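A quick note: this is a predicted structure, and the numbers were derived from the prediction, not measured.
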Amino acid sequence: MLVAERYEKIVRLVNERGSIRVSELSAIFDVTEETIRRDLDKLEKEGKLRRSHGGAVSIKDNRSETPYFERETMHVEEKRKIAEQAVQLIQPGDRIILDASSTAWFMAARLPDFPLTVLTNSIKVALELSAKEKIQVISTGGILSSGSLSYIGPLAERSLDQYHVNKAFLSCKGVHFDRGISEANELQARVKQKMIACADSAYLLVDHSKFDVQSFAFVAGWDSIDCVITDAGTRKEDVGRLRELSIEVVQLPS
């Protein structure tokens, strides 16, 4: 196979799958992993893909995310109620993380203006909190994802490595009992993994529509989640299964 042909097929595979690992490409093309790494470096320089830890991610992958302004209109009432419940768990002086979910933005809008440190990768959350004088806001920085209005990528991940917080509040694309929590793409998943890792307690904010959904990229297993806050529409058997996993569940009344 010509090198140019291999390049073309690598880009096609990455775009079809969203992301792929060096080891997989090495097996597919029967070349060394070092050769694949050089290929990926070249293709990244040409703007045809983005390198990730151990592989590559499609530059088209962000399209698989539901655009933020569309998410703002989905299950709005449930998300607002979940956000209101989550805000009650925050005390003056806390250090918290809010992700780039629409539920986190609803939380930011309802947070009282008391002494608080908020670390976020969300432009919307940062702007919402900017008018609250007693809240210190720290933005991760990073590559701007126009779909989610969030910062992702290596800079955002390294920024999160520098901090320790009391509580992380995040949502996700899918909740699956056998396969854990998942996101639309690897870059979003990696940022949320870092958020969970730097928090004493992780709170998952999910409405009923997220259950029994497995999205593309793994975020975390259930042993990483301390509490799930969900709406009245979540099935009783799902709530029961979460509690069997020793996860605290707050289900809002109808």
Side-chain angles (χ1 to χ4, degrees), residues 17-19 61-62 64-68 70-89 96-107 120-122 125 145 147-148 150 152 160 167-254:
R17 300 189 186 186
S19 70
D61 195 41
N62 287 340
S64 65
E65 294 183 75
T66 306
Y68 187 90
E70 184 178 333
R71 284 188 283 127
E72 276 187 310
T73 64
M74 298 168 63
H75 305 287
V76 172
E77 191 57 34
E78 291 92 337
K79 290 176 180 178
R80 283 181 176 155
K81 289 180 179 179
I82 290 169
E84 288 168 1
Q85 179 65 38
V87 165
Q88 294 180 32
L89 302 173
I96 70 169
I97 283 176
L98 296 179
D99 73 352
S101 64
S102 52
T103 309
W105 176 60
F106 288 134
M107 282 185 68
T120 186
N121 70 324
S122 167
V125 167
S145 167
S148 60
S150 65
I152 54 176
L160 288 163
K167 301 159 186 169
F169 296 90
L170 63 153
S171 190
C172 62
K173 192 83 168 180
V175 169
H176 195 283
F177 283 103
D178 296 326
R179 296 174 181 140
I181 301 149
S182 55
E183 258 303 334
N185 62 60
E186 184 181 2
L187 294 176
Q188 288 288 357
R190 286 180 60 81
V191 167
K192 296 195 179 190
Q193 287 167 3
K194 295 288 186 180
M195 289 178 169
I196 292 169
C198 71
D200 290 334
S201 300
Y203 295 82
L204 187 64
L205 316 176
V206 284
D207 65 71
H208 65 276
S209 69
K210 303 292 180 69
F211 284 81
D212 293 326
V213 174
Q214 183 188 8
S215 194
F216 179 72
F218 176 78
V219 174
W222 290 109
D223 56 345
S224 298
I225 301 301
D226 297 282
C227 178
V228 172
I229 304 177
T230 191
D231 65 287
T234 299
R235 296 178 302 178
K236 289 182 179 179
E237 52 265 42
D238 289 338
V239 172
R241 290 186 71 180
L242 288 171
R243 288 177 173 149
E244 287 173 4
L245 294 168
S246 300
I247 296 170
E248 180 184 356
V249 182
V250 178
Q251 184 174 29
L252 304 176
S254 55

Report, one line per pair, each donor and acceptor closer than 3.5 Å where one atom sits in a side chain of residues 213-224; sequence neighbours left out.
residue: Gln214; atom: OE1; partner: Arg179; partner atom: NH1; Å: 3.0
residue: Ser215; atom: OG; partner: Glu183; partner atom: O; Å: 3.1
residue: Trp222; atom: NE1; partner: His176; partner atom: O; Å: 3.2

OG1 (Thr103) and CG (Asp207) are apart, to the nearest 0.5 Å, by 7.0 Å

Evaluate the ring planes of Phe211 and Phe177, with Trp represented by its six-membered ring, and classify them as parallel (under 30°), tilted (30 to 60°) or perpendicular (over 60°).
tilted

Handout entry: Pair Ser209-Glu78, side-chain donor/acceptor within less than 3.5 Å
Key = no

Value for CE (Met107) from CD (Glu84), rounded to nearest 0.5 Å, stands at 11.0 Å

Hits for side chain to side chain donor-acceptor pair (under 3.5 Å) against Lys194, two or more places apart or cross-chain, chain-then-number order -> Asp161

Using the rule given for side chain to side chain contact (heavy atoms under 4.5 Å, CB included), can you reason through Phe169 versus Ile96, listing the C-alpha separation, both sets of side-chain angles and the distance that settles it, and then say yes or no?
CA-CA 8 Å; Phe169 296 90; Ile96 70 169; 4.2 Å; yes

Sorted by chain and number, sequence neighbours left out, salt bridge (Lys or Arg N to Asp or Glu O under 4.0 Å) with Glu248 holds for none

Open item on the list: Less than 4.5 Å apart, side chain to side chain, heavy atoms only: is that true for Ile196 and Ile225?
Closed with: yes

Going by atom types alone, do Ser201 and Lys167 pair a side-chain donor with an acceptor below 3.5 Å? no

**Q.** Working for side chain to side chain contact (heavy atoms under 4.5 Å, CB included), residues Leu160 and Val191
**A.** CA-CA 8 Å; Leu160 288 163; Val191 167; 3.9 Å; yes

All heavy atoms of Val206 vs all of Cys172, minimum pair found to be CG1-SG, 3.8 Å

For Arg235, the side chain to side chain donor-acceptor pair (under 3.5 Å) test, sequence neighbours excluded, returns Asp212, Asp238

_Using the rule given for side chain to side chain contact (heavy atoms under 4.5 Å, CB included), can you reason through Ile181 versus Leu204, listing the C-alpha separation, both sets of side-chain angles and the distance that settles it, and then say yes or no?_
CA-CA 9 Å; Ile181 301 149; Leu204 187 64; 4.0 Å; yes

Here the salt bridge (charged side-chain N to carboxylate O under 4.0 Å, His left out) pairs for residues 96-105, sequence neighbours left out, are Asp99-Lys192

Donor-acceptor pair, side chain of Ser171 and main chain of Ser101, under 3.5 angstrom: no

Applying side chain to side chain donor-acceptor pair (under 3.5 Å) to Thr230 and not counting sequence neighbours gives Thr234

